[in-house]
Structures are given as C-alpha cells and as structure tokens.
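Heads up: the structure comes next, in structure tokens.
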There are 2 protein chains.
Amino acid sequence: MTEHPMKAIARRLDARNPLDDDDVAALNNVRCAITTHPPESFLFREADRPGDYCSILLSGLAFRQKVTAHGKRQIVAVLMAGDFIDAQHLFLDRADHNLEAATAITVAEFSRHQFRDVILNRPRVGVAAWKEALEEGAIFREWLVTVGARPGPVRVAHFLCELGCRLERAGLASREDFIVPLTQEQIADVLGLTPVHVNRVLKSLVADGLISQRGRSIQVSSWERLTVAGEFNPIYLGPSARHDAHRAQHLPTSTLLRPRGQM
Amino acid sequence: MTEHPMKAIARRLDARNPLDDDDVAALNNVRCAITTHPPESFLFREADRPGDYCSILLSGLAFRQKVTAHGKRQIVAVLMAGDFIDAQHLFLDRADHNLEAATAITVAEFSRHQFRDVILNRPRVGVAAWKEALEEGAIFREWLVTVGARPGPVRVAHFLCELGCRLERAGLASREDFIVPLTQEQIADVLGLTPVHVNRVLKSLVADGLISQRGRSIQVSSWERLTVAGEFNPIYLGPSARHDAHRAQHLPTSTLLRPRGQM
DNA sequence: CGGTCGATTGAACGCACTCAAACGAGGTGG
DNA sequence: CCACCTCGTTTGAGTGCGTTCAATCGACCG
C-alpha cells in the first residue's frame, strides 16, 4: 500500500493503450483514497445512485451479483486486483447490480468527475478505458455461452481456465497453480449450478487427473487437457498484455508505471 | 432510406446525451454508406479482424452468437433498429463472436477511424457512446441472470418483456403488440433451452392468458401479469428515453435530430 | 470443547432434454 | 392449379442431467 493508488490505474490503462507522461500526470492529479472492506460487504447495490467516486480493486476478490425475485443469486462477474469496479457509474447514474466483496478487499477510490474528465479529454486515456470496458463485455458474452450452452463439467473447467488465465495475466498467480477464494456455493452461483453439483464435478475433475486441490488452491495437472475439457479459447480475453518488448518503447521514461521490483 | 444515415447515429447518441450543432456537424462529416444483408448472413465472425467501418442497424433484426466446441449455439444479444452493431471494434481488433442477420437487414456503415476520432475528441459524443456501450453491458448482466438463475417459463416471459420494452423504446412497436422475427429455435438459443421446450412454454403462456400469438406476432394480454411472470424490472435498460419535455431544451435548433413526421 | 460454516456423500425427484412423428404454411416446379 | 418439398411449429413418450432434501464430515474459531 506504499504505492500511490493512482499508479495502479495508470499501469492498468497503460497496459491497454500506452500513455504518455502528460496522461500519467493528469491521472496523478485525480483526487483519490484507499478504503478497505470486509468479506461479504457490499460496495453498492442495485438501484443505488453511485457516489462521486470511481474505483479499482487493489487486492482481494469481489464479484458482481444480482438476485432474482425468487431469491436465486447469479454472480455475473468476478473481479481481481487491477479490475475496475464501477466504470459503469462514470456514465450511468443507477447501479443495475450488487457489488460484493468475496474476501477482504482494498480499493482505490478516485473522483468520478475528475477521472471522467481525463477519459473524455485525453484520447490515449480514453482509448485505454474503452478497451477496458469492451473487454469486460467480451467476458460477459463468453459467460453467457458457458451458462447457457455448456454442460456442468465443461462450465466448471472453463471457469477454472478463465480464472487461472486472468490471475496469471494480472501477475497474481500461475495459471497452473492458483487459489480460488470462492466457496463452492459462490462458484455454483457463477455457473448456474447447485453447490452440490459443483462439488461432484470438481471431484470428478480430480478423479480424472485434470486438477488437484489443496483447500481452495487448485493445481492444474495438464493445462492442455483442462482447456479441452473446458472448451477454453482465451481469444475473448483480448491479447495477452505480455508484450514487454513492444511496450517498452512506449513507456514514459519515468519509472512510474513499472510494477515494483520488475526490470 | 431517404434519410442521411448519419442522422440515425446522431439521433441515437443525442437520446443518450444531448449533442450540440457542432457535434452533429462533426458526425455528418463522417464518411458512410448503406448496405443490405439477407437473413442468415454473417456481418463478421469470431476471430475476424474487423474492417475499417463501424455500423448501426437501420432496419431488421440481428443477433450476436457464439458456437461451442460441442456445436451448441448461444445467442448473446439481439439487435434492433438503432442499435450499434460493432462498437467493440472501434477499440478492439478481434471479433469475439459472430454477428448474424435474423431477417433481411439494412445497415449504415461509417468510417471507423473517423467515428472514433469524433468520440475521442468531442466529449458530448463520447459520453453518449459510453452510455450506449455501458447499457449494453447491463443487458448482458441481466441475460446472465435469466439464463443462469431463472426457470424456463420465467426466461421466456422475461425475454418477451425485454423485447417488447426495447421495441417500444426504439419506436418500432408497442410493448403490448409486437412481432418477434425469430424462430423458436433461435429463441431457445437465446434462453439456453431447447426449441421443443420453448414451444411448450409459449403455449402455456397462451393457455394462462398472459399472451396470444398470431404467427410470430405477440399480443400481451396483461403487461402487468407478464412482468410478474418474467420477474421483469426494466431498471437495467436505463432510463426510458421518453423525456421529450426535458430533452427539447437540449435539442439543437436544427430539425436534424427529430424523427421525421414527429412534432 | 461446542458452534458454525463449508465440503462431501447418498438417495430420490423433476425440469428440461432427446427422439420421433405429425402437422401446417409458404414456395416452387410441373 | 395442384403436387410436392421444405422449414418451422406442435405434440407425445421416455430419458437423464442436475436438483432437492438430508445427513455426515472436517476445519477453523471463539
């Protein structure tokens, strides 16, 4: 937490579309603060008018969810460190879903109006924000396919693939060994299954030698086989951001954007 | 088709966020053309690099779909006149899904790079485009709830409510009497059900007196009861654009944006 | 050392699926 | 104009994947 929170946003956006020093300076001028929230707390709820801030997740796991009139909960997105929490509220003034912390989380909140102005007035930042938002849209579409058109075992395998992939891209874990800080009930609510069935399917994946579990940590025995079982094609996640050689030319000369301890 | 196609975009965006005359003029400078496409034709396919155009639907119905490795098709969005077809491709360079015409459609195609510049350099247009994109995201989330957490009969009723609502908002029909130009098989692929089951559910909705059918046209007997059956709450569709009194103050003095024959 | 929450396992049920056949409307060619 | 084909809708019967209900187990915690 010693890092200035705005750096996290700048790094994230720069990964989508290279920013220049002025862009980064503009971002650094945005007023911001860090907050923490315990597991199961809500950052906003459906129909809320959002406050005057916009935020990204700095650590922990959170998810977007909605509850039906019959009381069933559907989790419609899982957020990890670096993800935008409420980009919608930059431009829409009603929340259409609930945002719940899965673990203890830390969040960087920054002035919604100031950030909005930066996005609208600095094309490079705007492009980065657009890519960010559109890539989340692509994930929604893939989730619709998973939930609407894939059998249970494929759903679970696909979800594990996506989570591993995203954690790896975010620099938080290896896709072949990562922790899923979700209960099986929450996984069930992601996938439109019951906790009981998720449990059985996970056990069968273990029995088939695709993964092994230690508590909530997952070891992928064969990434190749798991992607086949999950019909996983990461194209919808966008290009993997690891083009360091290419990106290096565009990075500002300051060390501002580099993750600490990295080259 | 006598209308200049760029007017359709300007009208659509103005409904999201009021534009001024300069904004409209900038939009009118964007190079564009009208194309038509027969039913079942594809405008783009997954993994395609999009061409140098961006388009909106002028007439007809289209949908976004993906096909799983096991050959099941999931329809992830339904587009009607006025909707953006490929806003994603303004900023992402790979299609993550297929875009298929459900009926014969007409499309306005305009220069992607020019339109992108207008969005990035004219904040009012940018805000409108952002709202547009974010509202589609809200629809994705609601669809995830429908497909993942609602029983078949509720899914069908919810889908009919959304379609009626959106058609009415687009000025294309009344929400209590509209045409669904989709086969039951396509509806099934929207809802993650089988055509056979969709058929049975539709029949039961008719038997229960919620709707009646004449061919593919739907008459809603009781909108109230249908929304209850479908657990339908239109909050996710955003504010209904029919604030004519309010919007009038913001409209440019030119008649450019007014739908012909109105007011 | 209970108490709580999540994971696990068993057994029976049911919603939606699959397979299959019949029906009806629209279109085409003889 | 009718015969015929095609495609979508409709209906019936049997099946199965995932659910529901319920009980046990295990781990963490106060």
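These values consider heavy atoms only, across backbone and side chains, with no hydrogens, waters or symmetry-generated copies. Computed from a prediction, not measured in an experiment: that's the story for all the values here. Proteins come first, then strands; the chains are lettered A, B, ... in the order of their sequence lines, and each starts at number 1.
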According to the side-chain hydrogen bond (donor to acceptor under 3.5 Å, both in side chains) rule, which pairs have a member within residues 196-206 of chain A, sequence neighbours left out?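 Matches after skipping sequence neighbours: A/Gln184-A/Asn199.
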
Taking any heavy-atom pair under 4.0 Å as a contact, classify B/Pro151: base, sugar-phosphate, or nothing.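 B/Pro151: backbone/sugar contact only, no base atoms under 4.0 Å.
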
Please round to 10 degrees the angle between the axis of the first five pairs and the axis of the last five pairs in the helix from C/dC1-D/dG30 to C/dG30-D/dC1.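 Roughly 30°, once rounded to the nearest ten degrees.
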
For A/Phe44, ring-ring contact (aromatic ring centres under 6.0 Å, His included) partners two or more places apart: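 ring-ring contact (aromatic ring centres under 6.0 Å, His included) list for A/Phe44, sorted by chain: A/His89, A/His97.
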
List the residues meeting ring-ring contact (aromatic ring centres under 6.0 Å, His included) with B/Phe63, not counting sequence neighbours, and say none if there are none.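 Here no residue qualifies.
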
For chain B, the stretch of DNA chain C it reaches, first to last nucleotide, under 4.0 Å of its heavy atoms: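 The contact span of chain B on DNA chain C goes from C/dA16 to C/dC19.
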
Once you round it to whole Å, what is the distance between [atom2] of [N] and [atom1] of [X]?
X        : N      : atom1 : atom2 : answer
A/Arg216 : D/dG26 : CZ    : P     : 18 Å
A/Gln184 : D/dG26 : CD    : P     : 16 Å
B/Asp189 : D/dG8  : CG    : P     : 12 Å
A/Leu191 : D/dG18 : CG    : P     : 12 Å

Side chain to side chain donor-acceptor pair (under 3.5 Å) with [X]: which residues, sequence neighbours excluded?
X        : answer
B/Glu132 : B/Arg12, B/Arg16
A/Arg155 : none
B/Ser41  : none

Report, one pair per line, the protein and nucleotides 11-13 of chain D atoms (nitrogen or oxygen only) whose separation is under 3.5 Å.
residue, atom, partner, partner atom, Å
D/dG12, N7, B/Arg200, NH1, 3.3
D/dG12, O6, B/Arg200, NH2, 3.3
D/dA13, N6, B/Arg200, NH2, 3.1

Output all residues satisfying side-chain contact (heavy atoms from CB on, under 4.5 Å) with B/Val228, sequence neighbours left out; order by chain, then residue number.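 side-chain contact (heavy atoms from CB on, under 4.5 Å) list for B/Val228, sorted by chain: B/Glu224.
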
Non-neighbouring partners of A/Ala81 that pass side-chain contact (heavy atoms from CB on, under 4.5 Å), sequence neighbours left out: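 A/Leu172.
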
With sequence neighbours excluded, residues passing salt bridge (Lys or Arg N to Asp or Glu O under 4.0 Å) with B/Arg166: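 If we apply the salt bridge (Lys or Arg N to Asp or Glu O under 4.0 Å) test to B/Arg166, skipping adjacent residues, the hits are B/Asp83, B/Glu162.
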
Hey, could you give me the CZ/CG distance between A/Phe178 and A/Leu163, rounded to the nearest 0.5 Å?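 It is 6.0 Å, given to the nearest 0.5 Å.
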
When the ring planes of A/Phe140 and B/Phe140 are compared, do they come out parallel, tilted or perpendicular, using 30° and 60° as the limits?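 The arrangement is tilted - the two ring planes meet at 30° to 60°.
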
